[in-house]
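What follows is one structure encoded as C-alpha cells, with my remarks underneath.
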Amino acid sequence: MNSSGVKLNRDFYERDDVVSISRQLIGKVLCTRIEGQCTAGMITETEAYCGRNDKACHANNGLRTSRTETMYGAGGHSYIYLCYGIHHLFNVVTNREDSADAVLIRSIEPVEGIKTILNRRNRIHMEPGVCNGPGKLTRALAITTSLDGTDLLGDCIWIEDRKKTFPDSVIAESARIGIDYAGDDASRPWRFYLKDTPWISRR
DNA sequence: CCTACGATCTGCT
DNA sequence: GCAGATCGTAGGG
C-alpha cells in the first residue's frame, strides 16, 4: 500500500503503558482494506482507557461481558462497539491478555483513498469535518462492529509507522471527552492531539 | 421481561 | 446552542 510504511508489530501493542501508547499513536497511519477499497488517515487525536481501574472504561471494575471480551484479549486487536445506537467506535486493544486496556481513535487526517472516503461520508470536498470525530472516521474507513476483534497484524485493519515524527512540544493533552459520569477519572489527562492541526474534534 | 442510557453526529433555531 | 436519532448493553425485578 505504501512502501515507506512499516506495520506496527505485536510488541508495540503488548506493552503495559496504555497512556504512552496512546501518545505514540499520534502521527501513525490507520489503514483499512475493505471490500477492495484501501483507505487511510494519519491519527491526530486519541484517548487512553486504562482497564479495570478506570471508571470511564467499559471494563471498569473487571466487568467482563460479551461486549467487553475483546478488550481482555491480546494487544494488537480491535475493540469496536456501537455508541448511541448509531456510531461504531474503534479502539486499539493494548497490553497482554487479561488486562483490558485500549486506545480510542478520535480523529484522523485522510491520506489515502480520498474519493472513497468522500463517498462514504456523502461529501464533495475534503475538509476536517469529514473525519474529526470517532464516529465519523469509522464511517469514512468502513469500520463497523462486525470487525470487532480483528487482528491488527492482518490485512483488513492495521496501523503503519511512516516515519513522520512529532516532537512532544506539538502534542497537547487534555481530559477525555464525553465521560462526565466517570467521577474522579473524568479529569485525568489521557486525551492526546496535535496542537497545530484542524483535523481534530475539539480544541 | 422491562427500563435507562451512552467514549456521538446532524440539522435546525 | 439544542433536540432528536436509534439500538445494544447492563442492571434490576
Side-chain angles (χ1 to χ4, degrees), chain A residues 13 18-23 25-26 30 41 43-73 75 77-95 99-110 117-150 152 157 159 172-194 198-203:
Chain A
Y13 296 114
V18 65
V19 176
S20 297
I21 295 174
S22 185
R23 175 185 271 267
L25 282 173
I26 300 293
L30 175 61
I43 297 169
T44 53
E45 180 182 353
T46 63
E47 282 177 0
Y49 285 84
C50 300
R52 52 195 90 203
N53 297 319
D54 177 2
K55 293 188 187 67
C57 182
H58 292 160
N60 177 43
N61 202 25
L63 183 67
R64 196 160 184 155
T65 64
S66 56
R67 177 175 69 153
T68 62
E69 192 57 32
T70 57
M71 264 201 292
Y72 289 88
H77 291 78
S78 66
Y79 168 51
I80 304 165
Y81 73 96
L82 192 63
C83 188
Y84 293 97
I86 304 173
H87 307 292
H88 302 255
L89 301 207
F90 172 76
N91 295 253
V92 174
V93 175
T94 68
N95 211 335
S99 72
D101 300 342
V103 176
L104 172 68
I105 307 301
R106 286 193 57 89
S107 292
I108 60 172
E109 174 181 343
I117 287 173
L118 289 174
N119 273 337
R120 288 173 178 157
R121 292 281 294 129
N122 222 346
R123 302 295 184 96
I124 305 294
H125 302 294
M126 186 53 70
E127 39 111 357
V130 174
C131 287
N132 65 343
K136 295 178 182 179
L137 84 268
T138 55
R139 186 83 189 263
L141 300 190
I143 295 171
T144 66
T145 55
S146 66
L147 296 169
D148 180 41
T150 299
L152 301 183
I157 311 175
I159 301 177
E173 58 183 53
S174 79
R176 294 171 291 177
I177 309 270
I179 53 153
D180 297 341
Y181 56 84
D184 45 331
D185 286 331
S187 59
R188 302 205 182 278
W190 290 342
R191 170 177 177 246
F192 300 96
Y193 59 94
L194 281 178
W199 305 93
I200 57 172
S201 65
R202 303 192 200 176
R203 288 278 133 205

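Below, chains carry the letters A, B, ... as their sequence lines are ordered, and counting in each starts from 1.
- Taking 4.5 Å as the limit, every side-chain heavy atom of A:L141 sits out of range of all side-chain heavy atoms of A:F90.
- Applying the side-chain contact (heavy atoms from CB on, under 4.5 Å) test to A:T46 and every residue at least two apart in sequence or in another chain returns A:S22, A:L25, A:I26, A:I43, A:V103, A:I105, A:F192.
- At distances below 3.5 Å, at least one donor-acceptor pair connects side-chain atoms of A:H88 with backbone N or O atoms of A:T145.
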Quiz item: How does protein contact run along nucleotides 5-13 of chain C, one letter per nucleotide 5' to 3', with B for base contact, S for sugar-phosphate only, - for none, heavy atoms under 4.0 Å?
Solution: BBBSSSS--

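- Although no hydrogens or angles enter the test, the distance criterion places a donor-acceptor pair under 3.5 Å between the side chain of A:S78 and the main chain of A:L147.
- Between C:dT6 and B:dC2, the distance separating the two P atoms is 22 Å to the nearest Å.
- At the heavy-atom level, A:I179 lies under 4.0 Å from the strands shown only through sugar-phosphate atoms.
- Annotation: salt bridge (Lys or Arg N to Asp or Glu O under 4.0 Å) contacts of A:R191 (sequence neighbours excluded): A:E45.
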Quiz item: Pairing of DNA chain B as dot-bracket, 5' to 3': ( ) intra-strand, [ ] crossing, | other strand, . unpaired, with Watson-Crick or G-U pairs under 3.5 Å?
Solution: ||||||.|||||.

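- Cation-pi contact between A:R202 and A:Y193: absent, since separation from the ring centre below 6.0 Å together with deviation from the ring axis within 45° is not met.
- Within a 6.0 Å sphere centred on CG of A:N122, heavy atoms belonging to other residues, nucleotides or ligands number 12 at most.
- The side-chain heavy atoms of A:D54 and A:R176, taken from C-beta on, include a pair separated by under 4.5 Å.
- For the C1' atoms, the distance from C:dG1 to B:dA7 is 22 Å, rounded to whole Å.
- Across the interface with DNA chain B, nearest-nucleotide mapping of A:R121 and A:I177 shows A:I177 to be the residue nearer the 5′ end.
- A distance-only check finds no donor-acceptor pair linking the side chain of A:T70 to the backbone of A:D148 [under 3.5 Å].
- Scanning for ring pair (Phe, Tyr, Trp, His ring centres under 6.0 Å) contacts around A:Y72 gives an empty result, with sequence neighbours left out.
- Here the side chain of A:N132 pairs no donor or acceptor atom with the backbone of A:W199 at under 3.5 angstrom.
- Projected onto DNA chain B by closest heavy-atom contact, A:K136 and A:Y79 fall at different nucleotides, the more 5' of which corresponds to A:Y79.
- Between chain A and DNA chain B, the heavy-atom contact criterion of under 4.0 Å yields a 5' to 3' nucleotide range of B:dG6 to B:dT10.
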